[in-house]
Novice: 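Quick one: structure below, then a few questions.
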Protein chains: 2
Amino acid sequence: MNISSRFAVAIHILTILEMNKAGVSTSDYIAESVNTNPVVIRRIVGMLSKAGLVEVKPGVAGARLAKLPSEITLLDIYHAVHVVQEDSLFGIHENSDTKCPVGKHIQSAVVPVFSAAQRAMENKLQEVNLEEIVGTIQASAGGILSE
Amino acid sequence: MNISSRFAVAIHILTILEMNKAGVSTSDYIAESVNTNPVVIRRIVGMLSKAGLVEVKPGVAGARLAKLPSEITLLDIYHAVHVVQEDSLFGIHENSDTKCPVGKHIQSAVVPVFSAAQRAMENKLQEVNLEEIVGTIQASAGGILSE
DNA sequence: CTAACCTGTAATCATTATAGTTACAGGACG
DNA sequence: CGTCCTGTAACTATAATGATTACAGGTTAG
């Protein structure tokens, strides 16, 4: 199991929007860098748009960031693309036998731990914003011959 | 997406082994509390056995903990049942276009953040052991009429 | 105004993981 | 020896993912 690459691709898309803000970033253009189908890009951009991270208009070429890169955290992106439902990173088995004390109480014993673990992960995502990702890439690409 | 309920079921199983250590916990017995098929239980017990958390012998009824409950963390269980591959909680898109600076460097910019987030989550799991889970359940079930 | 281009979205498909189930081989033990 | 148990293979249904084709409808340059 792993969290859908939709999340990683969404970060990729937003990074392109920022680094190509002088140009026009169409879904075809982005799809080429990500190396996937333009429809996949449009679907994800649609989610980012609904979350208010991006501005797009039907018919009008290109998408733009709706906020400053420093105002967009990875947690915002993660929530925007719905890769994990609210408070359900960990699947639970629903139908335990309530006649057994373990079956009856296992969920209430385990759920708080799962929630805490999920929150710890999400807090890490909140600590990083798009500006930092872009900065890291520019530092890497800044060398000779854009290596 | 979410992490397979195999993890939650594994915790359930180990809790039963501890709380029923006076009796014999066969896969049929456990399956009744979890409310699933005995084969599902045997599969998970097999993984717990390979990880050294549980002792079982073919033909001999029942499984037993191979360690003290205080020595088994939720992280041990999580690793035992292989619900998440090593360092790959977050899926990444493999084939970015390396001719684009973003495509070329996005992974190295994002992977450290993903790793840190995953570690933060796993650290929370390491902070809780089976003894604490059992204690919580016994406290809940300790009331009148085992409510 | 229309042709070219873009976004939005439905529909389909292959792939993969999960969870449940049946079936059966082989060990253990009264 | 017969019964019960574990270990597994095999099959099923279900769901999520990612890629793709197709097309409706908005926008704009010429």
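The sequence lines fix the lettering, A, B, ..., with proteins before strands; numbering per chain opens at 1.
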Novice: For G91(B), report the nucleic acid contact type (base, sugar-phosphate, nothing); a contact means any heavy atom under 4.0 Å.
Specialist: nothing

Novice: Could you tell me whether V56(A) contacts a base, only the sugar-phosphate backbone, or nothing, with contacts defined as non-hydrogen atoms closer than 4.0 Å?
Specialist: sugar-phosphate

Novice: Could you check K50(B) against H93(B) and say which one's nearest nucleotide on DNA chain D is further toward the 5' end?
Specialist: K50(B)

Novice: Crowded around E32(B) CD? As in, over 12 foreign heavy atoms under 6.0 Å?
Specialist: no

Novice: Could you state the CG-P distance from N95(A) to dT18(C), rounded to the nearest angstrom?
Specialist: 19 Å

Novice: Give a yes or no answer on whether the side chain of S49(B) reaches the backbone of V45(B) with a donor-acceptor pair at less than 3.5 Å.
Specialist: no

Novice: Without decimals, in angstroms, what is the distance between R42(A) CZ and dC5(C) C1'?
Specialist: 11 Å

Novice: Say whether, by atom type as modelled, one donor and one acceptor occur between the side chain of S108(B) and the main chain of H105(B) under 3.5 angstrom.
Specialist: yes

Novice: Quick check: on DNA chain C, is the nucleotide nearest M1(A) upstream (toward 5') of the one nearest S49(A), or the reverse? Name the residue that is more 5'.
Specialist: S49(A)

Novice: Tell me, please, the opening and closing nucleotides of DNA chain D, 5' to 3', among those with an atom under 4.0 angstrom from a non-hydrogen atom of chain B.
Specialist: dC5(D) to dA19(D)

Novice: Can you tell me how far CG of L130(B) sits from CG of L68(B), rounded to the nearest 0.5 angstrom?
Specialist: 10.5 Å

Novice: Select base, sugar-phosphate, or nothing to describe what H82(B) touches, counting heavy atoms under 4.0 Å on all strands.
Specialist: nothing

Novice: Give, for atom CG of L17(A) and atom NE2 of H12(A), the distance between the pair rounded to the nearest 0.5 Å.
Specialist: 10.0 Å

Novice: Take the protein atom CD of Q85(B) and the nucleotide atom C1' of dA17(C), then report the distance between them rounded to whole Å.
Specialist: 11 Å

Novice: For a quick check of understanding: with a heavy-atom distance under 4.0 Å over all strands, which category does R43(A) fall into, base, sugar-phosphate or nothing?
Specialist: base

Novice: To the nearest angstrom, how far is N37(B) atom CG from dT18(C) atom P?
Specialist: 17 Å

Novice: Quick one: OG on S4(A) to CD1 on I92(B), what's the gap to the nearest 0.5 Å?
Specialist: 12.5 Å

Novice: Let me spell it out: for each of R6(A) and K57(A), pick the nucleotide of DNA chain D with the closest heavy atom. Which residue's pick is nearer the 5' end?
Specialist: R6(A)

Novice: Just to be sure I understand the geometry, which residues of residues 7-33 of chain A put a non-hydrogen atom under 4.0 Å away from DNA chain C?
Specialist: T26(A), S27(A)

Novice: Parallel under 30°, tilted from 30 to 60°, perpendicular over 60°: which one fits the rings of Y78(B) and F7(B)?
Specialist: perpendicular

Novice: Is K21(A) salt-bridged to E18(A), cutoff N-O under 4.0 Å?
Specialist: yes

Novice: Does N35(A) use its side chain to pair, donor to acceptor, with the backbone of N95(B) at less than 3.5 Å?
Specialist: yes

Novice: Heavy atoms only, 4.0 Å cut-off, all strands: where does V60(B) land among base, sugar-phosphate and nothing?
Specialist: sugar-phosphate

